[in-house]
Protein chains: 2
Amino acid sequence: MATNPQISYSPHRSEVFKGLTGEQVANLVKEGRRIKLEPKNILFHQGDPAKNCFLVNRGRLKLTKLNEQGKEVILRYIVPGELTAATAVLKNWAYPVTAEAIEETDVIVWDKPAMMQLMRRYPDIAINLLGIILERIDDVQNRYLEVCTEHVDQRIARSLLRLMRRAGSKTPEGIHIDIPLSRQNIADYSGTTLYTVSRTLSAWEKKGWIQSGREQIIVTDPHALVQFSETG
Amino acid sequence: MATNPQISYSPHRSEVFKGLTGEQVANLVKEGRRIKLEPKNILFHQGDPAKNCFLVNRGRLKLTKLNEQGKEVILRYIVPGELTAATAVLKNWAYPVTAEAIEETDVIVWDKPAMMQLMRRYPDIAINLLGIILERIDDVQNRYLEVCTEHVDQRIARSLLRLMRRAGSKTPEGIHIDIPLSRQNIADYSGTTLYTVSRTLSAWEKKGWIQSGREQIIVTDPHALVQFSETG
DNA sequence: CGCTCTATTGATAAACCTCAAATACAGTGG
DNA sequence: CCACTGTATTTGAGGTTTATCAATAGAGCG
């Protein structure tokens, strides 16, 4: 059974701090508080007042959103080096999503005054942030387009590919997605049900496109999946 | 027949320039080029290299996105005072969407160097931009949630309400949406087909929730629509 | 070995799309 | 003022996709 590789990472290489010197980053990191999370710990809840923003140093977070009836979608997985809640904090809003650790996770925390001061002192940070947010918005917009215009199996293919690119590691059999993914998770990430996901993955396993075990996916034929995701 | 009211507006009041003096804004606006668009003119195309960003001064833009098979969704309508393509330009990306004028529209244009200089000189602009982008991302995320978890008629209700809040004006009969909206437009904005929209609106018209004519919608009972959009 | 959580699979039903055809509407030019 | 043309809209019938429900099997853990 493949366990997740420990990714070597340092905050200095995070996109947020691009353009700053190592010393500057070290100072900023010192100003932040550290938090350690266990799997299933909630970092923040949708609806809570947004007091802090977070940089993931190790581990992974799952960002989800609930509607009034309690149905859930997964908006994104946050991997090391990525920031979350950066902007909510600036607007004095409630967090629009919930963040839950899905493995042992270390985060660095800044509160709003720290963020504001940071950005005023180093305008590059605000500009970097803009770039990061743009990538997020592009990601959601693409997924919005997909969910509006494509069939479920295409969307499931795109979901797997997206997760593979974000958190894939090579193995002899293919590319392993280093995130524990239940059928329900994939469904919440693709806008469908676990039953449909199960049927679809079974079919792909027969075709030799993927291998899957309990909460584990290996993409054995990425090219076929890409092809399928684009043409149906 | 109701025509769109001419909304009185000045760039100085745009959220982008919050925190700047009137004189500063006047200088910035002077640095930008002006463009005048007729209905159906394309301001920029999805896939074109993003050279400029735009502030709408008068009129309305429709932002759309196409998938590989040519199916379209409407992501957003841009109304006076709003910026578009601000971030794409920073990343040297291609525009991720297409912007089309749906009425006579005036925009102010800045290119990338101007934007960068602007933000370096006035960090508040970058921070304001972050706030604006956050609202956009929140909007798309909400719509993503809706399209993943809700039924078409609920989504159509939410679409009408969203458009009503963004571009509604009071009339004796109810709140008129000041955007020409065909059934197809509403479908593209809700992730469904024009047929379903037509049937749904007919039903609501019988219930007295809306009145509709050719490309015109008046919401006569917003409360009922809200109620319906939340409970199904 | 039993408990719990996850995954599979079949049968059924509901929601929604697609296609086809008819109707309504606005604008144009005679 | 009217006929004509090009859209927009409505409505019905039929089919497909996908969700839902139910029951079973499998995996991991103590």
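Each chain gets a letter, A, B and so on, in the order its sequence line appears, and its residues count up from 1. The structure presented is a predicted model; accordingly, all values stated were derived computationally and were not measured.
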Categorize A/S202 for me: base, sugar-phosphate, or nothing, with a 4.0 angstrom heavy-atom threshold over every strand shown. sugar-phosphate

Any sub-3.5 Å donor-acceptor pair from [X]'s side-chain atoms to [Y]'s backbone N or O?
X      : Y      : answer
A/S212 : A/I217 : no
A/K65  : A/P96  : yes
B/T220 : B/G174 : no

For [X] and [N], give me the distance from atom [atom1] to atom [atom2], rounded to whole Å.
X      : N      : atom1 : atom2 : value
A/I210 : C/dT8  : CD1   : P     : 9 Å
B/I186 : D/dA8  : CD1   : C1'   : 12 Å
A/Q216 : D/dG28 : CD    : P     : 10 Å
A/I217 : C/dA7  : CD1   : C1'   : 11 Å
B/E215 : D/dT9  : CD    : C1'   : 11 Å
A/Q184 : D/dA19 : CD    : P     : 12 Å
B/K206 : D/dT9  : NZ    : C1'   : 13 Å
A/L194 : D/dA19 : CG    : P     : 10 Å

My understanding is that only one of B/L163, B/L61, B/L63 makes a side chain to side chain contact (heavy atoms under 4.5 Å, CB included) with B/Y77; could you say which?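 Testing B/Y77 for a side chain to side chain contact (heavy atoms under 4.5 Å, CB included) against B/L163, B/L61, B/L63 leaves exactly one candidate, B/L163.
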
Interatomic spacing from CD1 in B/I133 to CG in B/L129 - rounded to 0.5 Å: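 So the CD1 of B/I133 and the CG of B/L129 are separated by 6.0 Å.
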
Using side chain to side chain contact (heavy atoms under 4.5 Å, CB included) as the criterion, list what pairs up with B/N67, not counting sequence neighbours. A/L145, A/T149, A/E150, B/Q69, B/K71

Can you tell which of D/dT10, C/dT9, C/dC25 lies closest to the side chain of A/S198? C/dT9

Reading nucleotides 13-23 of chain C from the 5' end, what letters show protein touch, with B for base, S for backbone sugar-phosphate only, - for no heavy atom under 4.0 Å? ---SSBBB---

